[in-house]
Enquirer: 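Pasting a structure below so you can have a look.
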Amino acid sequence: MLPKKPVSDLGAQMDREGRNRASYASIVVVLFLLRPFAFWGVTVEAKPLLGTSSCRDCGNPNVVMVMCDSFDGRLTFHPENETVALPFINLMKRDGSLFLNAYTNSPICCPSRAAMWSGLFSHLTESWNNFKGLDPNYTTWVDLMEKHGYYTQKYGKTDYTSGHHSLSNRVEAWTRNVDFLLQQEGRPVAELTGDKKYVRVMKKDWEITDKAATWIRNKATNLTQPFVLYLGLNLPHPYPSPSSGENYGSSTFLTSPYWLERVIYKAIRIPKWSPLSEMHPVDYYSSYTKNCTGKFTQKEIRDIRAHYYAMCAETDAMLGEIISALCETGLLKRTLVIFTADHGELAMEHRQFYKMSMYEASSHIPLLIMGPTIKSQLVSSVVSLVDIYPTMLDVARIPIPKNLSGHSLLPLISEKAENKFPSRNQHPACVLSEFHGCNVNSSTYMLRTGKWKYIAYSDGHSVSPQLFDLSADPDELINVATMFPRIAQSLNKKLHSIIDYPKVSALVEQYNKQQFINWKQSAGQNYSDILANLRWHQDWKKHPKKYEHVINKWIKGNTTV
């Protein structure tokens with residue numbers, strides 16, 4: 001019998017015993033096939049991972065959702081990104097449904113989580129930025145499940161009413177389309193901490209993971225009703241960078257040698273960059289404000305990406321702790337396990353880090369669902385975070401409201417979907433994502449369908465759109481909007497049928513101006529001095545009158561709604 005040890009320690013032992021990364025996850029799977037076998041110190045009868053129990057046998061299933069932050073969804077399946085060992089994601093992939101085309105509805109923390117918790121698109125909730133989300137009393141799917149007999153427990157990051165932000169963040173978002181460029185983020189860097197025995201780098205995440213696992217072992221096992229457990233992680237979001245100043249952002253990719261050993265450094269692909277002169281104007285603004293227009297060596301880029309992948313490995317280990325607790329207690333066979341993220345991380349693709357972009361690294365999220373009666377399969381349908389809300393109501397057998405933006409995923413993943421959902425409409429063949437926050441100087445709208453990704457900006461005329469054929473150009477380097485005008489026009493028409501995006505853009509601009517005016521009035525005559533000391537206004541002091549004039553011109557400009 002194996003001595004009991006943390007999931008991460010067991011992973012390290014496996015890694016040392018077999019350096020072949022392809023077999024790393026399979027070693028975990030082999031443990032489930034032994035008769036009987038020891039799983040992190042607990043002897044379990046040899047059965048399929050999820051047994052043969054069904055929701056009908058045990059009533060409504062339990063639900064455990066692990067939602068992390070900034071996880072590139074392509075890491076869960078893309079061959080070129082198999083540079084890091086993710087054994088527990090691979091385990092869920094083997095025994096559950098993996099969505100190959102899952103997207104965020106807004107590539108930033110608060111708006112994306114508002115969409116997930118509400119089942120509504122951002123323009124319907126008016127969650128425009130990282131500090132304007134849902135009303136604190138909004139009824140989420142967890143609230144509804146609690147009203148219908150579920151015991152509910154939440155740990156960690158929820159962030160659907162407001163995310164992390166500073167005064168600088170707010171001003172950056174409000175003034176994003178003012179006519180000047182000023183850097184705001186710290187330069188992205190990779191840093192190591194600790195040694196090869198240093199496992200718990202993100203201490204806060206490990207603490208809440210421990211609490212969630214303890215709750216499963218001590219509380220969930222004694223419940224006489226089904227439960228919902230939500231665990232929100234900060235990883236693999238980059239860490240704060242205090243060197244950037246008082247209003248520092250998060251541009252540090254931090255990990256330890258322990259996790260870096262799980263990355264195949266030489267296999268890391270250096271992303272292709274378009275020349276600065278050829279970048280789309282919105283991309284150039286984003287790259288500039290993220291402090292990425294300077295020179296980076298290939299080693300710098302590879303180190304940043306390696307550290308990011310290592311942070312993803314640490315995230316995977318936290319997921320493993322939860323799966324371990326469910327397995328030890330016998331609850332796994334009666335529990336739906338969901339792993340997802342609020343958005344991705346560019347990690348130096350397209351000369352950017354962070355998110356706030358519709359490129360795949362930023363907008364493509366992981367989504368894996370494992371549980372009783374869930375098929376073991378790869379799902380190619382395009383889906384998004386708004387689909388979580390109706391899916392959870394479906395799981396709890398709660399009637400689904402007709403006004404939701406999302407659709408239940410159960411018809412796509414249930415073993416007997418044709419019998420259980422005979423009259424259910426098919427899932428739409430497209431998804432919508434939109435962005436209205438900082439680091440981007442225009443409201444942005446993405447329609448993803450089939451092999452196409454269409455991106456529109458602002459009013460649809462003042463900024464040129466982008467069209468990418470993801471089958472021929474997975475790196476999204478060739479904008480083919482002018483090469484395929486009929487397709488671009490057709491997708492733009494489809495986008496308009498979902499959202500009147502010129503009107504939404506005008507509403508956001510009106511909101512931004514009014515919020516800035518309110519703040520400016522509250523700051524009084526000192527407003528210019530305050531701006532001069534914010535993170536991104538590093539040149540303000542050199543030409544204060546010039547920038548004040550630009551601000552005033554922007555305020556007086558017409559906004560048509």
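Counting from 1, the numbers follow the sequence of the chain as shown. The figures that follow rest on heavy atoms only: side chains count, while hydrogens, waters and symmetry mates do not.
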Enquirer: Any side-chain heavy-atom pair from Val379 and Leu100 closer than 4.5 angstrom?
Expert: no
Enquirer: Could you go step by step and tell me if Phe71 and His237 meet the ring pair (Phe, Tyr, Trp, His ring centres under 6.0 Å) rule?
Expert: CA-CA 8 Å; Phe71 200 111; His237 192 290; over 10 Å; no
Enquirer: Side-chain contact test, heavy atoms from C-beta onward, threshold under 4.5 Å: evaluate it for Leu235 versus Met318 and give yes or no.
Expert: yes
Enquirer: Glu314: which residues meet the side-chain hydrogen bond (donor to acceptor under 3.5 Å, both in side chains) condition with it, sequence neighbours left out?
Expert: Trp206
Enquirer: Verify whether one side chain among Asn234 and Asp69 offers a donor that lies under 3.5 Å from an acceptor in the other.
Expert: no
Enquirer: Determine yes or no for a side-chain-to-main-chain donor-acceptor pair under 3.5 angstrom, with Asn526 supplying the side chain and Ala523 the backbone.
Expert: no
Enquirer: Using modelled atom types and a 3.5 Å cut-off, is there a donor and acceptor pairing between side-chain atoms of Asp473 and backbone atoms of Leu477?
Expert: yes
Enquirer: Minimum heavy-atom separation for Asn512 and Ala173, please, with both atom names.
Expert: ND2-O, 3.6 Å
Enquirer: Go through the steps to decide whether Asn129 and Cys110 satisfy the test side chain to side chain contact (heavy atoms under 4.5 Å, CB included), and finish with yes or no.
Expert: CA-CA 7 Å; Asn129 47 49; Cys110 179; over 6 Å; no
Enquirer: Side chains of Asn552 and Glu548 only: does a donor on one sit below 3.5 Å from an acceptor on the other?
Expert: no
Enquirer: I need the full list of side-chain hydrogen bond (donor to acceptor under 3.5 Å, both in side chains) pairs touching residues 103-119, with sequence neighbours left out, sorted by first then second residue.
Expert: Tyr103-Glu360, Tyr103-Arg448, Asn105-Ser384, Arg113-Tyr230, Arg113-Asp342
Enquirer: With rounding to the nearest 0.5 angstrom, report the NZ to CD1 distance, Lys553 to Ile551.
Expert: 12.5 Å
Enquirer: Is it true that Glu172 and Arg176 make a salt bridge, defined as a side-chain N closer than 4.0 Å to a carboxylate O?
Expert: no
Enquirer: Just checking, any donor-acceptor pair under 3.5 angstrom between side chains of Asn439 and Tyr354?
Expert: no
Enquirer: Look only at the side chain of Asp72 and the backbone of Arg74, and say whether a donor-acceptor pair between them is shorter than 3.5 Å.
Expert: yes
Enquirer: Given 3.5 Å as the limit, does a donor-acceptor pair link the side chain of Asn101 with the main chain of Ser380, or not?
Expert: yes
Enquirer: About how many Å separate OH of Tyr308 and CD1 of Ile268, when rounded to the nearest 0.5 Å?
Expert: 12.5 Å
Enquirer: Are a donor atom and an acceptor atom from the side chains of Ser241 and Ser251 found within less than 3.5 Å of each other?
Expert: yes
Enquirer: Verify, without hydrogens or angle tests, whether Asn533 (side chain) and Asp529 (backbone) share a donor-acceptor contact under 3.5 angstrom.
Expert: yes
Enquirer: I would like to know whether Thr125 and Asp135 meet side chain to side chain contact (heavy atoms under 4.5 Å, CB included); could you show each step before the answer?
Expert: CA-CA 9 Å; Thr125 62; Asp135 183 272; over 6 Å; no
Enquirer: Side chains of Ser286 and Asp283: donor-acceptor distance under 3.5 Å anywhere?
Expert: no
Enquirer: Check whether any side-chain N or O of His307 sits under 3.5 Å from a backbone N or O of Asp303 as a donor-acceptor pair, and report yes or no.
Expert: yes
Enquirer: Please find out if less than 6.0 Å separates the ring center of Trp452 from that of Phe484.
Expert: yes
Enquirer: So, do Leu98 and Leu367 sit near enough that their side-chain heavy atoms are less than 4.5 Å apart?
Expert: no
Enquirer: If we ignore angles and hydrogens, is there a donor and acceptor under 3.5 Å between the side chains of Tyr445 and Ser505?
Expert: yes
Enquirer: For the rings on Tyr511 and Trp174, is their centre-to-centre separation under 6.0 Å?
Expert: no
Enquirer: Cation-pi between Arg351 and Tyr284: NZ/CZ under 6.0 Å from ring centre and within 45° of the ring axis?
Expert: no
Enquirer: Using 30° and 60° as the class limits, which term best fits the ring planes of Trp273 and Phe296: parallel, tilted or perpendicular?
Expert: perpendicular
Enquirer: Tell me whether the centres of the aromatic rings in His364 and Phe99 are closer together than 6.0 Å.
Expert: no
Enquirer: Between the side chains of His280 and Gln466, does any donor sit under 3.5 Å from an acceptor?
Expert: no
Enquirer: Answer yes or no: is there a donor N or O on one side and an acceptor on the other, between the side chain of Ser522 and the main chain of Trp519, under 3.5 Å?
Expert: yes
Enquirer: Determine whether Val63 and Leu229 satisfy the following criterion, side chain to side chain contact (heavy atoms under 4.5 Å, CB included), listing intermediate values before the conclusion.
Expert: CA-CA 6 Å; Val63 176; Leu229 171 64; over 6 Å; no
Enquirer: Would you please classify the geometry between the Trp128 ring and the His436 ring as parallel, tilted or perpendicular, with 30° and 60° separating the classes?
Expert: perpendicular
Enquirer: I want to check something: taking the side chain as every heavy atom from C-beta on, are Met202 and Met311 in contact at a cut-off of under 4.5 Å?
Expert: no
Enquirer: Ser122 and Glu434: side-chain donor and acceptor closer than 3.5 Å?
Expert: no
Enquirer: Can you list the steps and then say if Glu207 with Lys203 is a salt bridge (charged side-chain N to carboxylate O under 4.0 Å, His left out)?
Expert: CA-CA 6 Å; Glu207 289 172 2; Lys203 292 182 173 59; over 6 Å; no
Enquirer: Can you tell me how far the CG atom of Asn479 sits from the NZ atom of Lys453, to the nearest 0.5 Å?
Expert: 12.5 Å
Enquirer: Between the side chain of Glu300 and the main-chain N/O of Thr297, is any donor-acceptor distance below 3.5 Å?
Expert: yes
Enquirer: How long is the gap from CD on Glu191 to CD1 on Ile304, to the nearest 0.5 Å?
Expert: 11.0 Å
Enquirer: Does any non-hydrogen side-chain atom of Ile89 lie less than 4.5 Å from one of Leu319?
Expert: yes
Enquirer: Taking Leu447's backbone N and O only, do any of them form a donor-acceptor pair with Lys494's side chain (distance below 3.5 Å, no angle check)?
Expert: no
Enquirer: Taking the side chain as everything from C-beta on, heavy atoms only, tell me whether Leu346 gets closer than 4.5 Å to Ser357.
Expert: yes
Enquirer: Could you check whether Lys355 makes a cation-pi contact with Phe435, meaning its NZ or CZ is under 6.0 Å from the centre of the six-membered ring and within 45° of the ring axis?
Expert: no
Enquirer: For the residue pair Asp500 and Pro502, establish whether any side-chain heavy-atom pair is separated by less than 4.5 Å.
Expert: yes
Enquirer: Are Ser442 and Asn177 side-chain neighbours, meaning at least one heavy-atom pair lies under 4.5 Å?
Expert: no
Enquirer: Assess the side chains of Asp387 and His427: does a donor N or O sit below 3.5 Å from an acceptor N or O?
Expert: yes
Enquirer: So Ser528 and Trp540, side chain to side chain donor-acceptor pair (under 3.5 Å) or not? Walk me through it.
Expert: CA-CA 9 Å; Ser528 184; Trp540 188 279; 2.9 Å; yes
Enquirer: State whether the side chain of Thr140 and the backbone N or O of Asp143 hold a donor-acceptor pair below 3.5 Å, judged by distance alone.
Expert: yes
